[in-house]
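These numbers come from a predicted model, not from an experiment.
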Amino acid sequence: MKNRNLDDLLLNNFAGIELKNPLFYNAPFGIRFEAGGEVNVMEKRVQQIKYRAVTLYNAVNHENDDIYLVIFMDSWEEHPVDYFEKDVLKIFESFIIGTDSRQINKKEQEYRYNDPDEQDNTVTIRYWVKLKSKELNIDNLLYAVANRAIGNDVNGIVGDLFLVNETRKSIFYLYDDRGLDIVAENKEILRPIYEQYNDWILDFDRERIKKMFGN
């Protein structure tokens with residue numbers, strides 16, 4: 001199956017960090033941005049999340065960059081793969097131009113949040129595909145993720161979604177309606193968005209991020 005080098009990319013350029021929450025705290029270089037902020041009206045909150053997410057994505061990722069769209073789903077006896085797989089494949093088909101199921105990679109792995117002290121039969125299924133950034137309908141995708149983040153799942157987004165840029169060695173992760181993480185191989189990749197969108201940085205982590213950039 002194609003595109004197996006996602007694991008090599010994570011190992012060689014991101015010190016082998018796992019794609020899971022909290023991505024920002026697990027990466028050597030990253031920024032945590034506020035998404036929904038103090039906006040509490042549902043549709044306005046969704047629009048702000050989408051606006052900030054799309055703006056930051058486009059600031060880091062260029063249209064000809066090679067991107068991995070990665071989706072994680074957890075499975076256990078009462079939640080088998082057959083129960084959700086059609087919904088996962090629909091995401092790839094809905095938000096990528098010209099993709100089909102033959103291009104999608106799939107791998108079963110250990111549950112990402114496994115507690116070694118507990119017995120748990122949960123496993124994680126990772127789905128991913130490699131594409132050019134311009135082949136991704138990022139506006140609609142992040143609007144759908146923003147809706148799901150506030151509990152509105154009418155757009156059919158499921159799973160935990162990451163966008164990994166192989167060209168610029170960065171990872172984009174809208175983790176919920178509160179915020180999003182962007183991490184990178186080195187801090188200079190992130191410096192332009194640190195300077196331009198400094199007001200959007202989550203205040204809780206602002207001092208940590210300032211020290212990272214030598215302020």
Side-chain angles (χ1 to χ4, degrees), residues 9-10 12-15 17 19-70 95-97 130-150 157 160-215:
L9 175 65
L10 295 173
N12 296 329
N13 298 102
F14 296 97
I17 65 169
L19 297 178
K20 67 178 186 180
N21 201 29
L23 185 66
F24 169 74
Y25 294 117
N26 293 331
F29 304 109
I31 304 175
R32 174 159 280 195
F33 290 98
E34 193 168 39
E38 301 300 319
V39 180
N40 295 317
V41 178
M42 181 176 291
E43 184 54 35
K44 289 183 178 180
R45 188 172 180 86
V46 169
Q47 289 296 338
Q48 174 163 298
I49 296 166
K50 179 212 170 183
Y51 173 73
R52 290 190 175 188
V54 171
T55 299
L56 290 165
Y57 176 87
N58 287 331
V60 174
N61 303 281
H62 298 187
E63 63 176 16
N64 285 314
D65 289 353
D66 291 316
I67 304 290
Y68 289 96
L69 170 58
V70 188
F95 299 106
I96 299 176
I97 300 168
K130 187 177 180 181
L131 67 154
K132 294 293 184 182
S133 184
K134 64 184 177 183
E135 297 172 322
L136 187 62
N137 191 334
I138 194 65
D139 287 59
N140 287 351
L141 175 61
L142 292 178
Y143 180 66
V145 176
N147 267 290
R148 196 272 304 272
I150 65 165
I157 289 290
D160 202 10
L161 190 148
F162 294 79
L163 294 160
V164 183
N165 187 318
E166 181 179 54
T167 305
R168 300 183 193 281
K169 308 298 188 294
S170 63
I171 303 172
F172 180 98
Y173 178 45
L174 176 56
Y175 57 87
D176 62 24
D177 65 310
R178 295 168 299 173
L180 64 92
D181 294 338
I182 303 178
V183 306
E185 179 184 33
N186 69 72
K187 64 184 179 182
E188 295 311 314
I189 295 169
L190 302 172
R191 189 176 292 279
I193 59 170
Y194 169 74
E195 294 174 350
Q196 185 169 359
Y197 301 104
N198 195 276
D199 289 347
W200 292 357
I201 291 174
L202 192 68
D203 282 337
F204 182 81
D205 296 298
R206 183 174 293 277
E207 289 304 315
R208 174 181 177 141
I209 296 166
K210 283 177 65 177
K211 289 179 182 178
M212 183 187 308
F213 287 95
N215 298 123

Chi angles and distances behind the side-chain contact (heavy atoms from CB on, under 4.5 Å) call for F33, I193:
CA-CA 10 Å; F33 290 98; I193 59 170; 3.9 Å; yes
Intermediate values then yes/no, side-chain contact (heavy atoms from CB on, under 4.5 Å), L23 and I17
CA-CA 8 Å; L23 185 66; I17 65 169; 3.9 Å; yes
What verdict does the side-chain contact (heavy atoms from CB on, under 4.5 Å) test give for K134 and I97, after you've listed the backbone C-alpha separation in whole Å, the side-chain angles of each residue and the deciding distance to 0.1 Å?
CA-CA 9 Å; K134 64 184 177 183; I97 300 168; over 6 Å; no
Evaluation steps, side-chain contact (heavy atoms from CB on, under 4.5 Å), between I138 and N58
CA-CA 9 Å; I138 194 65; N58 287 331; 4.1 Å; yes
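The distance from atom CD1 of I201 to atom OH of Y194, rounded to the nearest 0.5 Å, is 5.5 Å. If you take CG on L19 and OH on Y68, they are separated by 11.5 Å, rounding to the nearest 0.5 Å. Taking CZ of F172 as the start and CG of L69 as the end, the distance is 12.0 Å to the nearest 0.5 Å. Distance CD/E34 to CG/D199: 11.0 Å, rounded to 0.5 Å. With rounding to the nearest 0.5 angstrom, the CD1 atom of I31 is 11.5 Å from the NZ atom of K187. Note: K211 NZ to I209 CD1 = 12.0 Å, rounded to the nearest 0.5 Å.
E185 and N13 get closest at one heavy-atom pair: OE2-ND2, 2.9 Å. Between D181 and P22 the shortest heavy-atom distance is OD2-C, 4.5 Å. Here the closest non-hydrogen pair linking A35 and D177 is CB-O, 3.5 Å. The minimum heavy-atom distance between G30 and F24, with the atom names listed, is O-CE1, 3.2 Å. Heavy atoms only, all atoms of each residue included: L131 and I96 are closest at CD1-CG2, 3.9 Å. The shortest heavy-atom contact between L174 and A146 is CD2-N, 4.3 Å.
With respect to R32, the side chain to side chain contact (heavy atoms under 4.5 Å, CB included) criterion is satisfied by exactly one of F204, Y175, Y173: Y175. Here the rule is side chain to side chain contact (heavy atoms under 4.5 Å, CB included) with N165, and of L9, N61, I171 only N61 fits it.
Annotation for E38: atom CD does not count as buried by contact number, only 12 or fewer foreign heavy atoms lying within 6.0 Å.
F14 has its side chain within reach of K169: a pair of non-hydrogen atoms, C-beta onward, lies under 4.5 Å apart. You'll find the side chain of I150 reaches within 4.5 Å of the side chain of R45, heavy atoms only. Using a 4.5 Å heavy-atom cutoff, the side chains of L136 and L163 are in contact. Between L180 and Y57 there is no side-chain heavy-atom pair separated by less than 4.5 Å.
Taking the six-membered ring where the residue is Trp, Y51 and W200 present perpendicular rings, their angle passing 60° and hence far from 30°.
By the 4.0 Å N-to-carboxylate-O rule, D65 lies too far from K132 to be salt-bridged with it.
Judged by distance alone, with hydrogens and angles left aside, the side-chain atoms of N186 form a donor-acceptor pair with the main-chain N or O of I189 at under 3.5 Å. Side-chain atoms of K44 do not come within 3.5 Å of backbone N or O of V39 as any donor-acceptor pair. When atom types are taken as modelled, the side chain of Q48 and the backbone of G36 share a donor-acceptor pair closer than 3.5 angstrom.
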